[in-house]
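Quick note on labels: first sequence line is chain A, next is B, and so on, each numbered from 1. Values reported hereafter were calculated over all heavy atoms of this structure, with side chains retained and with hydrogens, waters and symmetry mates removed.
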Amino acid sequence: MGGIGMRVSNLLMPTLRELPAEAEVVSHQLLLRAGFIRKAAAGVYTLLPLAWRVIRKIEQIIREEMDRQGGQELMMPIIQPAELWHESGRWDVYGPELFRLKDRHGRDFCLGPTHEEIITALIRGEINSYKQLPLLLYQIQNKYRDERRPRFGLLRGREFIMKDLYSFDRDEAGLDISYNKMFEAYTNVFRRCGLRFRPVVADSGAIGGSDTHEFAVLAESGEATILYCENDECGYAANEERAEAVASTSTGNMAPLEMKKISTPDCRTIEEVALFLKLPPEKMIKTMIYSTEKETVAAMVRGDREINEVKLYNALGCIRLDLADEETVLRVTGAPAGFAGPVNLKGVKLVADREVMTLANAVCGANENDYHLVNVNPGRDFKPDIIADIRLVKAGEPCPVCGAGLHEAKGIEVGQIFKLGDKYSKALGATFLDENGKARPFIMGCYGIGVTRTMAAAVEQNHDERGIKWPVQIAPYHVIVVPVSTKDKDQVNAAEEIYQNLVTGGVETVIDDRPERAGVKFKDADLVGYPIRITVGAKGLAEGKVELYSRLEEQTMMVPLGDVVNAVKSKLRELAAG
RNA sequence: CGGGAUGUAGCGCAGUUUGGCCAGCGCGCUUGCCUUGGGAGCAAGAGGUCGGGGGUUCAAAUCCCUCCAUCCCGACCA
């Protein structure tokens, strides 16, 4: 892990006083300002020495935890032949996110966004027997995705460092074991990185598979919304996309009344209709018209709820899902948007949220301009093709496991673990022989950690107005020694001695030997975010003491010269213990 | 991909509306003096294809056409 001592006068650490205009989120701003990264192209960055040290520390923690679970590290090609992607079917499915290129002979290749194809093809050729399983293989390397819109600096780049582990088991039971190992490994990795995080139940997206968890670093700027149970014993936590709604019971056991059409001029939104009819939104059925690649769909949720498009997408099993345009709405409902309803709606697949089915004498659009239907009773007045949980769950709703309240938080997804099953092994014909000499596809799992994203997430979670506050475990250096004045020989000598002693003592240390004024050096130290600063000044030195400043705690203490190394080490242990 | 915006020195920006003197300011950088507990001061400097190409004009950073790049919102996102 590189040298553990460094002089700031030699360090490539180009700090900026002013904020680069291109940076919006805190991690991007601070990593640029503190001299960690520089942009080469949109979503493509050079990692300067300080950033690279952080990355290598994160990688090292990951390696240790992967190895502890029996993982073996290997290196796979970034350039991958189209052939394999044709075999898995993903050359066409992956879409424009796949960076594609041709060699001089016109053969197609891509830059690997992930390595299921490569590793499955490798295993197909090399592993033949159940006796060789399970197998856990991982890589830490650059991956590529041609994001439509790279943004947020390192949080969503087109080139990024990723750890991916792939597990190969003989059956589902084996996969469960591998999956649990990785769950434990990930928990250890993020804890050791000093991050506050939560594993959450997630949607498996296009990769398919049954179980999947995301690991979300809690931060206000996070793109993911997660819901978690207020009851710690329960521990339920899920991505908003996946958070299960508790099926509510009937809102009333009223006798069904006769359905009637009533005039509701200019009432297009639930709020307008509610106001006009003097009825609460939860008595209404919100009907949204969607288009998929194969059909038009009417999705219904209770008036006070919102549709969860991920759940709807899963319920429909479609590839594409978009809100229908104005023309389509007019064509299928015969009315402008705002008056759609499920009653007598022809040629459209009806999908109702489970909760809708509990409504009695409800209100919905009449599929006619300026009219709504009242006393609508699901089952009697319309029959959905699909009844499923398709709504968004909000904070305050009951936990689907224990019934306590759900809380909401924002998170940055830094890792995700998937059970793939035989999806890729079947597609690529990767099989082994079991005890009975029967060929069976490998049962696979894949487990990713965004390494560069983890670094950015750490900054999002650990900073203040002055700069970064690195958790000790992943700080680029632990200590910066700052002589207040480089003109004062005593200060310089004392600082140099402390620096040497720290380095000799195994503490990763830099010394700010630049002939700058104290303020400049302090500002840079705060910006870069060294956990500990040792300030050597005239006043303290007169008493044989220096100042130890803890960036994380924002506390200072005076330490006798002879005790510096021990004081630093014990403070670092204390900080690392959290 | 739809919508919005920007591109002038390493960074942050003014100048563009209404074309016209040498393209400016702050920070940073270089040299000297001075200063050294929170981004000091003085002085002297270096640094520019005004995003690229084409056009209009006596004259273009400024007007027109076109291409490119970058950022924001949305959609999208193993």
Side-chain angles (χ1 to χ4, degrees), chain A residues 14-25 28-29 32-33 35 38-44 85 88 90 93-98 112-117 119 143-153 155-158 160 162 164 166 202-209 212 214 223-224 239 241 309-310 313 319-323 325 413 415-420 423-424 444-450 453 466-467 482-489 491-492 512 514-527 533-541 546-547 549 556 558:
Chain A
T15 56
L16 303 171
R17 290 196 181 190
E18 283 169 294
L19 199 55
E22 70 186 37
E24 193 71 11
V25 297
H28 191 195
Q29 293 174 341
L32 280 168
R33 277 196 63 208
R38 285 295 183 265
K39 186 176 65 179
V44 180
W85 286 74
S88 72
R90 290 208 291 183
V93 173
Y94 213 96
E97 289 224 334
L98 193 60
T114 173
H115 284 71
E116 280 87 6
E117 281 80 1
I119 195 124
K143 304 218 172 185
Y144 298 82
R145 273 182 227 168
D146 194 359
E147 293 278 352
R148 278 179 187 183
R149 190 184 154 205
R151 58 180 143 176
F152 306 145
L155 285 172
R156 184 168 294 275
R158 294 191 292 176
F160 46 90
M162 190 117 185
D164 264 322
Y166 300 94
D203 185 71
S204 57
I207 198 152
T212 175
E214 284 174 0
E223 290 184 89
N239 189 306
E241 294 174 343
E309 292 190 0
V310 171
Y313 176 100
I319 295 169
R320 202 174 53 81
L321 178 72
D322 297 297
L323 264 181
D325 53 37
E413 183 205 330
Q416 187 161 10
I417 57 181
F418 291 93
K419 289 184 181 174
L420 293 174
K423 178 173 171 173
Y424 292 91
M444 296 173 55
C446 73
Y447 316 86
I449 292 178
R453 181 183 276 190
R466 298 205 308 271
V482 180
V484 169
S485 168
T486 50
K487 287 282 174 63
D488 181 335
K489 280 248 163 34
Q491 288 180 40
V492 171
D512 197 341
R514 296 174 300 175
E516 292 284 353
R517 294 166 58 86
V520 173
K521 293 186 276 197
F522 292 156
K523 291 286 187 192
D524 271 350
D526 288 345
L527 183 58
R533 187 184 77 210
I534 299 292
T535 310
V536 182
K539 277 176 287 184
L541 219 47
V546 295
E547 179 189 277
Y549 170 71
T556 62
M558 298 306 291

(message) I need the NZ-P distance between K521(A) and rG39(B), as an integer number of Å.
(response) 13 Å

(message) When you measure only distances, ignoring hydrogens and angles, does the side chain of R33(A) come within 3.5 Å of the base of rG28(B) through a donor and an acceptor?
(response) no

(message) Using a 4.0 Å heavy-atom cut-off, does Q416(A) contact any base of the nucleic acid, only the sugar-phosphate backbone, or nothing at all?
(response) nothing

(request) For the side chain of C446(A), starting at C-beta, report the closest nucleotide among rC77(B), rA78(B), rU36(B). (result) rA78(B)

(request) Could you let me know what rG24(B) is paired to, Watson-Crick or G-U wobble, both distances under 3.5 Å, or none if it's on its own? (result) rC13(B)

(message) Give me the distance, rounded to whole Å, that separates rC11(B) from rC65(B) when you measure between the C1' atoms they each carry.
(response) 33 Å

(message) Say we look at rG19(B) and rA75(B): how far apart would their C1' atoms be, to the nearest angstrom?
(response) 42 Å

(request) Just jot down the ring pair (Phe, Tyr, Trp, His ring centres under 6.0 Å) partners of Y94(A), sequence neighbours excluded, or say none. (result) W85(A)

(request) Please work out if R38(A) contacts a base, only the sugar-phosphate, or nothing of the nucleic acid, heavy-atom cut-off 4.0 Å. (result) nothing

(message) Looking only at the side chain of R149(A) (C-beta and beyond, no hydrogens), which of the listed nucleotides rA75(B), rA78(B), rG12(B) gets closest?
(response) rA75(B)

(message) Distance criterion of 3.5 Å, no angle test: do you see the side chain of E18(A) paired donor-to-acceptor with the base of rG28(B)?
(response) no

(message) At 4.0 Å (heavy atoms only), tell me whether D322(A) reaches a base, stays on the sugar-phosphate, or touches nothing.
(response) nothing

(message) Quick check with a 6.0 Å cut-off and a 45 degree axis cone: is R533(A) positioned over the face of F522(A)'s six-membered ring?
(response) yes

(request) Please state how far atom CD in E147(A) lies from atom P in rU70(B), giving the value in whole angstrom units. (result) 14 Å

(message) On the side chain of E516(A), is there an atom forming a donor-acceptor pair with the base of rG39(B) - under 3.5 Å, no angle test?
(response) no

(message) Distance check needed: rC29(B) P versus L16(A) CG, whole Å only.
(response) 11 Å

(request) Report which part of the nucleic acid D524(A) touches: base, sugar-phosphate, or nothing (heavy-atom distance under 4.0 Å, all strands). (result) base

(request) Name the nucleic acid region contacted by R514(A), choosing base, sugar-phosphate or nothing; use a 4.0 angstrom heavy-atom cut-off, strictly under. (result) nothing

